[in-house]
Amino acid sequence: PRVVDNDRDEITVTLDGTDYKVTGLASGMGTSVFVLQQRVWSTVGSLWRYSMLQQPTIWDPANVIADNDAGALNISEDSEGNANLVGASQYQELGAVFSADRIALYSVDVDPDNFSFSQSLDNTGTVAGGSVVRYGNNDLFYLDYTGVRSVQAQQGTVAPYVVDSGSPIDPFLKEYLDTLTQQQVADAKAVIEPSDGRLWLAVGERIFVLSRFPNANISGWSYYSPGFEVEAFA
């Protein structure tokens, strides 16, 4: 066997060419953070934990500090399965929580008594929490197994549905994803490039770029090959 320390709290043991991974992360380790309604939110297993109002360092509901209202929403109680959550973002006025095959939408407020489950979008989602990025008020992009997708409102309504925004490049993208490890795909991350508003999706050693300018009837995909893997956008 070959044992490799990946410097990411993870050990890989290779037996007969097959990699077996063991993580040293605590079971309650958050996988993402997100700010909404004066709180910090973090995905932890099937829980979407939230800090005390305006107190981003107070997470334990048992803390005796005055007015402590920190807590957690158990996503598995409102949608089928005990999904492992990977990330969250804002969709219109809702919080959207992502697992590999489900997007759960919640109405949140400064008062936890007003938190409520809105709906879920099933059989779509992402393993790459960093790929979830909001664009304007009506688009929420993410990397699905099937390619680049976005949550949008159906025309004339506020009801969300999934759009195959990446369909022109999806076959090429999926062929490239097949050459990467599961960890490389899970490490994918996205950003809206600020100078001209293009979507950048970095995965492996490529950055896929969506140039979409509706008023000029422009919508097209391209990619950069910078020769390295992007660790973070800032």
Side-chain angles (χ1 to χ4, degrees), residues 26-144 149-154 156-163 165 189-192 199 233:
S27 60
M29 178 69 70
T31 56
S32 70
V33 290
F34 165 61
V35 177
L36 181 65
Q37 292 287 8
Q38 303 179 48
R39 301 178 191 272
V40 181
W41 298 74
S42 180
T43 49
V44 184
S46 65
L47 301 179
W48 196 26
R49 296 190 59 186
Y50 53 88
S51 71
M52 178 181 170
L53 186 71
Q54 298 183 344
Q55 295 289 341
T57 63
I58 306 298
W59 291 83
D60 185 354
N63 192 313
V64 296
I65 187 173
D67 300 322
N68 181 13
D69 58 358
L73 296 173
N74 190 340
I75 305 302
S76 64
E77 293 179 351
D78 295 315
S79 57
E80 183 180 357
N82 190 25
N84 186 40
L85 307 176
V86 298
S89 188
Q90 183 175 351
Y91 170 73
Q92 297 191 10
E93 301 304 317
L94 303 174
V97 195
F98 285 75
S99 64
D101 58 2
R102 186 167 292 107
I103 305 170
L105 299 170
Y106 282 82
S107 175
V108 298
D109 189 78
V110 294
D111 184 351
D113 289 339
N114 295 329
F115 294 171
S116 63
F117 173 70
S118 177
Q119 70 177 93
S120 66
L121 301 173
D122 297 332
N123 301 310
T124 186
T126 185
V127 297
S131 73
V132 180
V133 62
R134 188 184 184 202
Y135 180 70
N137 293 323
N138 297 318
D139 273 306
L140 191 58
F141 288 99
Y142 59 97
L143 177 63
D144 193 310
R149 298 292 175 263
S150 66
V151 180
Q152 296 181 8
Q154 296 185 33
T157 73
V158 295
Y161 78 114
V162 176
V163 179
S165 302
K189 49 196 60 67
V191 71
I192 302 300
L199 168 69
F233 286 118

Residue Gln119 excluded, over 12 heavy atoms near CD under 6.0 Å: yes

Partners meeting ring-ring contact (aromatic ring centres under 6.0 Å, His included) with Trp48 (sequence neighbours left out): Trp41

Between Ser99 and Asn84, is any side-chain donor less than 3.5 angstrom from a side-chain acceptor? no

Tell me the closest heavy-atom pair linking Leu140 and Ala96, and the distance in Å. CD2-CB, 3.7 Å

Write down the atom of Met52, the atom of Asp67, and the distance for their closest heavy-atom approach. CE-O, 3.6 Å

Salt bridge (Lys or Arg N to Asp or Glu O under 4.0 Å) against Arg39, all qualifying residues, sequence neighbours excluded: Asp69

Could you list all the side-chain hydrogen bond (donor to acceptor under 3.5 Å, both in side chains) pairs where at least one residue sits in residues 51-65, not counting sequence neighbours? Gln38-Gln54

Just wondering, do Ser107 and Phe115 contact through their side chains at under 4.5 Å, heavy atoms? no

Verify ring-ring contact (aromatic ring centres under 6.0 Å, His included) between Phe98 and Tyr142, making sure each step is shown before the conclusion. CA-CA 9 Å; Phe98 285 75; Tyr142 59 97; 5.1 Å; yes

Could you tell me whether the side chain of Leu85 reaches within less than 4.5 Å of the side chain of Leu47, counting heavy atoms only? no

Are the side chains of Tyr50 and Val40 in contact, using a 4.5 Å heavy-atom criterion? no

Strictly distance-based, threshold 3.5 Å: is any side-chain N or O of Ser76 a donor or acceptor partner for the main-chain N or O of Ser46? no

Decide, yes or no, whether a salt bridge links Asp144 with Arg149 under the criterion of side-chain N to carboxylate O below 4.0 Å. no

Under a 3.5 Å cutoff, is there a donor and acceptor pairing between the side chains of Ser32 and Thr43? yes

